[in-house]
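What follows is a single structure, written as structure tokens, with notes after it.
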Amino acid sequence: MELAENVYLDYNNLYIKKYNAVVIINNSRKTFSGSMFLQKDSQLVITVAPLLGIELFRAKFDKDTVFLLDRTKKDIYKGSYKLIENLLYLQLNFNIVESIFSNRMFIVNSVGENHSINKFKHSVIDNHYVFTNTRSGWFGGGGLRNSSLIQAFYIEPVTFKLGQSVVSDSKSNYGVEVFYSDMRSLGNSLFPHSINIKGHNGTQKFEATFTFPSIEVNSKNSLRMNIPDNYSVKEIK
């Protein structure tokens, strides 16, 4: 477990000038591109545009609040992470969002009450070291908690990088799988340039694949969420 933590990318921010994405919600498929800026322990800002078009949407995720800017309607939606769950059927908070995009999902479970390696069952599956945790909910340190949740982390045996993370809840038929691929040298470590996220909540299904041609570590570039004066702010509770 310590070897997996030691190879995580050390960063203050990650800037992605352009990503490409394919999102499938139930049977509806959308393809788009955009930019992304992740400030460690603070916020994620992401833009959405057609592949060859102008920006249509911008979202900001911070510790407690989600902002969705709709340029087509000149509206801004503000709410809790429940807003995302209603759109994507995924239970999220900032810890989860940050750890998914920074390839640090395993480290979140190594603090506080989960720090002991004895909290995990160990096995080898498909040439991966697999650590399974059944004693706490999705992510310690402010994460979602549910006694029926099971978490499994698949570690690459050569690089000790996290290659796959699985979260499932047998009682509610809820689950999320995250797959990392296209590992390349970045900063002081290897880092995935492709992330595939699959989730289901009952009969509702969500899948998103993000690919990053290039990533800047501790970049001088950034993205912000500025609210134009002529936009209407709508709070969603």
Check Ser194 against Thr211 and note the closest heavy-atom contact, atom names and distance.
OG-CG2, 3.8 Å
Indicate the atoms forming the closest heavy-atom contact of Met183 with Pro192, along with that distance.
SD-N, 3.4 Å
Got more than 12 heavy atoms from elsewhere within 6.0 Å of NZ, Lys63?
yes
Is there a path of hydrophobic side-chain contacts, each under 4.5 Å between heavy atoms, that joins Leu69 and Leu223?
no
Kindly state whether the ring of Phe94 and the ring of Phe61 have centres lying under 6.0 angstrom apart.
no
Would you call Val23 and Arg29 a side-chain contact if the rule is heavy atoms closer than 4.5 Å?
no
Intermediate values then yes/no, side chain to side chain contact (heavy atoms under 4.5 Å, CB included), Ile150 and Val167:
CA-CA 6 Å; Ile150 299 175; Val167 178; over 6 Å; no
Please tell me whether Phe206 and Val178 are part of a single hydrophobic cluster in this structure, the criterion being side-chain heavy atoms less than 4.5 Å apart.
yes
Under 3.5 Å donor-acceptor, Lys161 side chain and Leu190 backbone
yes
Quick one: does any side-chain atom of Ser42 pair with a main-chain N or O of Gln39 as donor and acceptor, under 3.5 Å?
no
Which pair of non-hydrogen atoms, one from Pro157 and one from Phe160, has the smallest distance, and what is that distance?
O-CE1, 3.7 Å
How many angstroms lie between CD in Glu235 and CD1 in Ile76, if you round to the nearest 0.5 Å?
11.5 Å
Flag the pair Glu85 / Leu90 as yes when at least one side-chain heavy-atom distance between them is below 4.5 Å, and no otherwise.
no
Using the side chain to side chain contact (heavy atoms under 4.5 Å, CB included) rule, take Leu87 and Leu68 through it: C-alpha gap first, then chi angles, then the decisive distance, then the call.
CA-CA 11 Å; Leu87 291 173; Leu68 298 177; 3.6 Å; yes
So if you build clusters from Ile, Leu, Val, Met, Phe, Trp, Tyr with side-chain heavy-atom gaps below 4.5 Å, do Tyr19 and Met225 land together?
no
Donor-acceptor contact present, side-chain Tyr174 to main-chain Gln91, <3.5 Å:
yes
With a 4.5 Å limit on heavy-atom distance, are the side chains of Phe101 and Phe210 in contact?
yes
Are Leu44 and Phe37 close enough that some pair of their side-chain heavy atoms sits under 4.5 Å apart?
no
Does OH belonging to Tyr129 count more than 12 external heavy atoms closer than 6.0 Å?
no
Between His128 and Glu156, a side-chain donor and acceptor under 3.5 Å
yes
Residues at least two apart in sequence or cross-chain that pass side chain to side chain contact (heavy atoms under 4.5 Å, CB included) with Thr65, listed by chain then number, are Asp62, Phe67, Lys78
Using a distance-only test with no angle check, is there a side-chain donor-acceptor pair under 3.5 angstrom linking Asn196 and Thr209?
yes
Main chain of Val45, side chain of Arg224: is a donor-acceptor contact present, judged purely on distance under 3.5 Å?
no
For the residue pair Val48 and Leu56, establish whether any side-chain heavy-atom pair is separated by less than 4.5 Å.
no
Looking at residues at least two apart in the chain, or sitting in another chain, which of them share a side chain to side chain contact (heavy atoms under 4.5 Å, CB included) with Ile125?
Ser123, Val130, Tyr154
Single-linkage hydrophobic cluster, 4.5 Å side-chain cutoff, Ile84 and Phe32 together
yes
Would you say the side chains of Ser28 and Asn26 form a donor-acceptor pair under 3.5 Å?
no
Once you round to the nearest 0.5 Å, how far does OG of Ser165 lie from CD1 of Ile96?
10.0 Å
How about CG on Asp229, more than 12 heavy atoms from neighbouring residues, nucleotides or ligands closer than 6.0 Å, or not?
no
So, Asn201 side chain and Gln204 main chain: donor-acceptor pair closer than 3.5 Å or not?
no
Looking only at atom types and distance, does a side-chain atom of Asn103 sit under 3.5 Å from a main-chain N or O of Tyr8, one as donor and one as acceptor?
no
Quick one: does any side-chain atom of Arg104 pair with a main-chain N or O of Leu9 as donor and acceptor, under 3.5 Å?
yes
Ring centers of Phe191, Tyr180 separated by less than 6.0 Å:
no
Taking NZ, NE, NH1 and NH2 as the nitrogens, is one of them in Lys40 or Glu98 under 4.0 Å from a carboxylate oxygen of the other?
no
When hydrophobic residues are tied together by side-chain contacts of less than 4.5 Å, even through go-betweens, does Phe212 share a cluster with Leu38?
yes
Correct closest heavy-atom pair for Asp75 and Tyr231 would be N-CD2, 3.8 Å
Are the side chain of Thr47 and the backbone N or O of Arg58 linked by a donor-acceptor pair below 3.5 Å?
no
Minimum heavy-atom separation for Thr132 and Ala152, please, with both atom names.
OG1-CB, 4.1 Å
State whether the number of non-hydrogen atoms from other residues, nucleotides or ligands found under 6.0 Å of Asp126 atom CG is greater than 12.
no
May I have the step-by-step check of salt bridge (Lys or Arg N to Asp or Glu O under 4.0 Å) for Lys17 and Glu216, ending in yes or no?
CA-CA 8 Å; Lys17 184 177 181 179; Glu216 297 179 18; over 6 Å; no
Do Asn218 side-chain atoms and Asn13 backbone N/O form a donor-acceptor pair below 3.5 Å?
yes
If you take all heavy atoms of Ser33 and Pro50, which pair is closest and at what distance?
OG-O, 3.6 Å
Run the ring-ring contact (aromatic ring centres under 6.0 Å, His included) test on Phe131 and His122 for me, step by step, so that the C-alpha distance in whole Å, both residues' side-chain angles and the decisive distance to 0.1 Å come before the verdict.
CA-CA 5 Å; Phe131 297 85; His122 321 137; 5.5 Å; yes
